[in-house]
Amino acid sequence: MPELPEVETVRRGLETLVAGTRIDAVEIRRDSCVRLLSGGPAEFSAQVTGLTLSRLVRRGKFLWAELAPTAGDDAPVLALSAHLGMSGQFRVHADAPEPHRHCRARFTLAAPDASALTLDFLDQRTFGYLHVEPLVPTPDGGPGGRGTPLPLLPASVAHIGRDALDPGLDRTAATRALRRGTRGIKQVLLDQTVVSGIGNIYADEALWLARVHPERPAHALTASSARTLLEAAREVMERALAQGGTSFDALYVDVNGESGYFSRSLEAYGRAGEPCSRCGSPLRRESIGGRSTHWCARCQRRWTARRAGPGS
DNA sequence: ACATCTGCCTGAGCGC
DNA sequence: TGCGCTCAGGCAGATG
């Protein structure tokens, strides 16, 4: 599942390969991939055709291209936004191969040197989507996300919080938000309006690293453990990004390739029954809030023990 | 305002 | 072998 590090890897790939290209044609191969648009595929194609992909930007797991009238133009008029959902991928080809079975949309792009490129949006499980929409001012006045200096973001992303790797994240406010409410802390971590970019895998990893039980009520976190948790989320995603960025080949932008998953060193996710690398106790797995959740019952206590004592 | 539930989907992996 | 079942997951929008 593409979470922040995977989406950032895709953003960088697209930045390298398609920034500055012009959209010459769009072929929507599955209508529902543009489901946010009332006019459907026809309106989508009409709005983006002829525009140039200027900057590639990401906030959390949301990705967009600023669309400018001409190459080199700094003033975008629209955003072409994308969410990869669970299985979305972008692939860039120097030619126009037979579309993959899961290809939902195909863009024909013209590079500045007039050569043609093919950009495919693939999505096996179809939870991802493409959208064309206006850019609106960011609520805090800072840059929209990684990849742009402009304080603009797509309207549908305006409610999404800054992510754990964003230098513009207000860490004090985020820490406070992580300690609010009765929900289990894992659910709060997955809430993209608080801190964005964290999905099921990195939520488990961050909780493991910070030694916090996934079901601890948010309000029961100390300020110190909330800070530790936020820092843990940043650290695991930074580490994954450093790995995800390496397996990159020029004309193939891989989102959720198996290699990315296997090369990643996960401590908790998917390791039920295996020993915790800190304490050796077997890791547990349970469905919490409909999400498979992995944790170490010894290192990650449901409540912070006030002091050492029997039974806690 | 906050929390929970439902719908959107496909394909892998399972038991029978 | 093949059928039907469950599961996996993020997000928006509705409902409590």
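To find a chain, count down the sequence lines: A is the first, B the second, and so on, and within it residues start at 1. Hydrogens, waters and symmetry mates play no part in the numbers below; they use all other heavy atoms, side chains included.
- Across the protein-nucleic acid pair, A:Leu84 atom CG and C:dC11 atom C1' stand 13 Å apart, rounded to whole Å.
- The side chain of A:Lys61 lies closest to C:dC11, out of B:dA3, B:dT10, C:dC11.
- Under 4.0 angstrom from either OP1 or OP2 of B:dG11 there lies at least one side-chain N or O belonging to A:Arg101.
- Within the 4.5 Å cutoff, side-chain heavy atoms of A:Glu66 are placed close to those of A:Thr148.
- Per the geometry, CG belonging to A:Asp191 stands 11 Å off C1' belonging to C:dC11, to the nearest Å.
- Listed pair A:Arg180 / B:dA1 fails the phosphate criterion, with no side-chain N or O lying under 4.0 Å from OP1 or OP2.
- Pairing each heavy atom of A:Cys299 with each of A:Arg211, the nearest pair is O-CB, 3.4 Å.
- Checking B:dA3, B:dT10, C:dC7 against the side-chain heavy atoms of A:Arg285 singles out C:dC7 as nearest.
- Note on A:Thr182: a side-chain N or O is less than 4.0 Å away from OP1 or OP2 of B:dA3.
- Nearest heavy atom pair, residue A:Cys33 against residue A:Phe121, reads CB-CE2, 4.4 Å.
- Listed nucleotides: C:dC11, B:dG11, B:dA3. Nearest to the side chain of A:Gln124: B:dG11.
- Taking 4.0 angstrom as the limit, A:Gln187 places none of its side-chain polar atoms (N or O) nearer than this to OP1 or OP2 of B:dA3.
- In this structure, the CG atom of A:Asp31 is 15 Å from the C1' atom of B:dC8, given to the nearest Å.
- Taking 4.0 angstrom as the limit, A:Arg30 places a side-chain polar atom (N or O) nearer than this to OP1 or OP2 of B:dT10.
- The phosphate of B:dG11 (OP1 or OP2) has a side-chain N or O of A:His102 nearer than 4.0 angstrom.
- Spacing between atom CG of A:Leu190 and atom P of C:dA12 amounts to 14 Å, rounded to whole angstrom units.
- When atom types are taken as modelled, the side chain of A:Arg11 and the backbone of A:Val7 share no donor-acceptor pair closer than 3.5 angstrom.
- No salt bridge links A:Glu15 with A:Arg12; every basic N to acidic carboxylate O contact stays at or beyond 4.0 Å.
- We find that CZ of A:Arg291 is positioned 13 Å from P of B:dT4, with the value rounded to whole Å.
- Look at OH on A:Tyr129: it is 13 Å from C1' on B:dC8, rounded to the nearest Å.
- Atom P of nucleotide B:dA1 and atom NE2 of A:His159 are separated by 16 Å, given to the nearest angstrom.
- Taking atom NE2 of residue A:His83 and atom C1' of nucleotide C:dA12, one finds them 11 Å apart after rounding to whole Å.
- Comparing C:dA12, B:dT10, C:dG10 against the side chain of A:Phe127 picks out C:dG10 as the nearest.
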